[in-house]
Amino acid sequence: TRPRVRCCVAGAIAGLSLLAVPQDSRVGISVFFFVRALEMLCKWSCWNGYLPRVPYADGWVMSLASVQVCWAALYNSTTLDSSYRVFMGHHSGKPLLHRAAYCDLRQGNYHTDTVNKYNAWRVSQNLPVLDQHHNHFHDNTSLICHVMHPHSRSCWLSFIKFVIEAYKRAIPVYLPVYFIPTVLFSFKKLLLKPHVVIPRNLINLMRSSAFLALYCSTGWITMCHSNRFGLTNHPYYLDAIVGGGLAGWAVLLEKPHRRIELALYVFGHAVQSFVRSLLQKRLVSPIKHFELLAFCVSCGVLMHFYIIAPHVMRHSYFSAFKFLFGFGGVLEGFPSSGPSKDDDQPANEAPTTPTTTVPANPPAKTN
């Protein structure tokens with residue numbers, strides 16, 4: 001028990017270093033460490049039988065996080081970080097005016113300034129003006145369809161066009177993700193085996209771009225067809241819940257070791273958005289320096305697993321902790337190389353590295 005307590009206390013004290021970070025960056029850093037600590041707690045609990053083992057847990061996490069993120073992007077974008085809000089707005093493929101008009105119309109507001117500006121744009125495009133008398137048109141398309149794809153009457157044709165456009169937008173996002181690390185850290189291998197490294201990176205690039213394109217496209221096509229599932233009535237935000245939940249499963253297109261990292265990245269933004277929504281609605285009261293408390297607790301959990309149960313950590317996190325803190329002291333069986341590089345061991349498999357234990361009576365020192 002004492003080594004466990006010492007590890008947690010040491011990590012918590014190290015977490016006080018967050019005070020040296022500018023105030024604007026503390027929340028993001030705290031959430032980043034919080035979701036990683038939560039991941040390790042869940043993984044440890046599953047391996048020890050305290051939680052059920054869920055197949056495709058990364059997909060479920062991504063789906064749940066996407067519900068909150070998609071709802072916030074449409075109906076309460078101020079709860080998202082400014083950089084992430086810009087990122088989602090760009091990859092949504094829809095102008096801000098169209099998205100704002102969509103939200104107003106979904107809520108039954110037909111005479112707002114946003115809707116009036118959108119109708120003025122439609123007039124400039126020789127398209128009919130939309131109002132409450134045009135909930136359905138003669139070709140069985142809904143009012144929302146005329147906002148989502150005003151120049152096309154076919155939802156699926158517009159979906160195919162959007163996938164192609166979204167794929168083109170996704171390539172610049174992942175191009176540096178795969179090729180810059182190769183140039184910086186595997187340049188020698190790139191020179192020796194370019195026929196192996198370049199095709200592999202190109203395949204990963206196409207795979208990740210397909211994920212982001214399908215993620216955005218699935219959300220829009222679900223919202224476009226929401227009237228067919230009876231989601232045009234109140235509550236208006238059901239389209240974002242269903243669309244975000246289905247879009248999150250696009251993460252299965254990614255490589256297994258990248259799925260959980262993407263899911264945790266979106267989950268972190270979802271946590272921030274959810275808490276800010278609660279604060280806006282005055283359902284909770286703000287707690288001063290709560291981000292510091294969360295960071296200290298998260299660091300304590302991470303340090304505990306690094307020293308006591310390093311098999312719980314993924315290889316990338318283990319390597320980072322080993323670089324920062326060195327090896328795990330005098331603990332018996334502490335691994336020198338960390339867990340397998342296959343970072344995302346399925347949650348329904350037992351750990352391959354035995355749990356580290358502390359000997360009750362350490363051997364006496366011999367002369």
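All heavy atoms count here, side chains included; hydrogens, waters and symmetry mates do not.
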* Cys7 and Ile308, any side-chain heavy atoms less than 4.5 Å apart -> yes
* Answer with yes or no whether the side chains of Glu254 and Ser208 bring together a donor and an acceptor at under 3.5 Å. => yes
* To do: Would you mind reporting whether Tyr215 and Leu253 have side-chain heavy atoms less than 4.5 Å apart?
  => no
* To do: Could you tell me whether Phe34 atom CZ has more than 12 heavy atoms of other residues or ligands within 6.0 Å of it?
  => no
* Could you go through the side-chain contact (heavy atoms from CB on, under 4.5 Å) check for Phe305 and Leu41 one step at a time? => CA-CA 9 Å; Phe305 284 120; Leu41 279 172; 3.8 Å; yes
* To do: Please tell me if the side chains of His315 and Ser319 come closer than 4.5 Å, counting only heavy atoms from C-beta onward.
  => yes
* Taking the side chain from Ser217 and the backbone from Leu214, do they hold a donor-acceptor pair closer than 3.5 Å? -> no
* **Gln125 vs Arg122, side-chain hydrogen bond (donor to acceptor under 3.5 Å, both in side chains): CA-CA, chis, key distance, verdict** => CA-CA 5 Å; Gln125 301 292 315; Arg122 291 183 65 90; over 6 Å; no
* For the residue pair Phe159 and Trp156, categorise the inter-ring angle as parallel (less than 30°), tilted (30 to 60°) or perpendicular (more than 60°). => perpendicular
* Going by atom types only, do Asn76 and Thr78 share a side-chain donor-acceptor pair under 3.5 Å? -> yes
* **Main-chain N/O of Gly59 paired with Ser63 side-chain donor or acceptor, under 3.5 Å** => no
* Ignoring hydrogens and angles, tell me if any N or O in the side chain of Arg26 forms a donor-acceptor pair with the backbone of Val21 under 3.5 Å. => yes
* To do: For Thr222 and Asp239, test the side chains for any donor-to-acceptor distance below 3.5 angstrom and give the result as yes or no.
  => no
* Asked: Any idea which heavy atoms bring Arg36 and Phe32 closest together, and the distance?
  -> CD-O, 3.0 Å
* **Polar side chain donor-acceptor pair, Glu261 to Ser316, under 3.5 angstrom** => no
* Gap separating the CE atom of Met148 from the SG atom of Cys155, nearest 0.5 angstrom -> 10.0 Å
* Asked: Run the side-chain contact (heavy atoms from CB on, under 4.5 Å) check on Val86 and Ser82 step by step: do they pass?
  -> CA-CA 6 Å; Val86 172; Ser82 57; 5.6 Å; no
* Asked: Is there a donor-acceptor pair closer than 3.5 Å between any side-chain N or O of Ser298 and the backbone N or O of Ala294?
  -> yes
* **Any Trp220 side-chain heavy atom under 4.5 Å of Lys94 side chain** => yes
* Asked: Is there a side-chain contact between Leu190 and Ile198 (heavy atoms, below 4.5 Å)?
  -> yes
* Asked: Mind checking whether Trp249 and Tyr56 have ring centres under 6.0 Å apart?
  -> no
* **Student check: side-chain heavy atoms of Thr182 and Phe187 closer than 4.5 Å** => no
* In terms of ring plane angle, is the pair Tyr75 and Trp71 parallel, tilted or perpendicular, where the classes change at 30° and 60°? -> tilted
* 4.5 Å side-chain heavy-atom contact, Arg259 and Met62 -> no
* To do: Could you tell me whether the side chain of Asn48 and the main chain of Trp44 form a donor-acceptor pair under 3.5 Å?
  => yes
* Structure fact -> Sequence neighbours excluded, the answer for ring pair (Phe, Tyr, Trp, His ring centres under 6.0 Å) partners of Phe321 is Tyr306, Phe325
* Asked: Mind checking what makes side chain to side chain contact (heavy atoms under 4.5 Å, CB included) contact with Ile287, not counting sequence neighbours?
  -> Phe290
* **Check: Tyr102 ring centroid to His98 ring centroid under 6.0 Å** => no
* To do: Look only at the side chain of Ser186 and the backbone of Lys189, and say whether a donor-acceptor pair between them is shorter than 3.5 Å.
  => no
* Structure fact -> Tested for side chain to side chain contact (heavy atoms under 4.5 Å, CB included) against Arg314, the lone hit among Met40, His257, Lys43 is Lys43
* **Polar side-chain atom of Ser30 near backbone of Val27 as donor-acceptor pair, under 3.5 Å** => no
* To do: Please lay out, stage by stage, how Val123 and Leu127 fare under the test side-chain contact (heavy atoms from CB on, under 4.5 Å).
  => CA-CA 5 Å; Val123 171; Leu127 296 172; over 6 Å; no
* **CH2 (Trp60) with more than 12 external heavy atoms under 6.0 Å** => no
* Asked: Run the side-chain contact (heavy atoms from CB on, under 4.5 Å) check on Val69 and Tyr84 step by step: do they pass?
  -> CA-CA 10 Å; Val69 167; Tyr84 194 64; 3.7 Å; yes
* Any chance the side chains of Arg276 and Gln272 put a donor and an acceptor closer than 3.5 Å? -> yes
* Consider only side-chain N and O atoms of Arg4 and His304, and report whether a donor and an acceptor are under 3.5 Å apart. => yes
* Asked: Can you check whether Val301 reaches Cys8 side chain to side chain, under 4.5 Å on heavy atoms?
  -> no
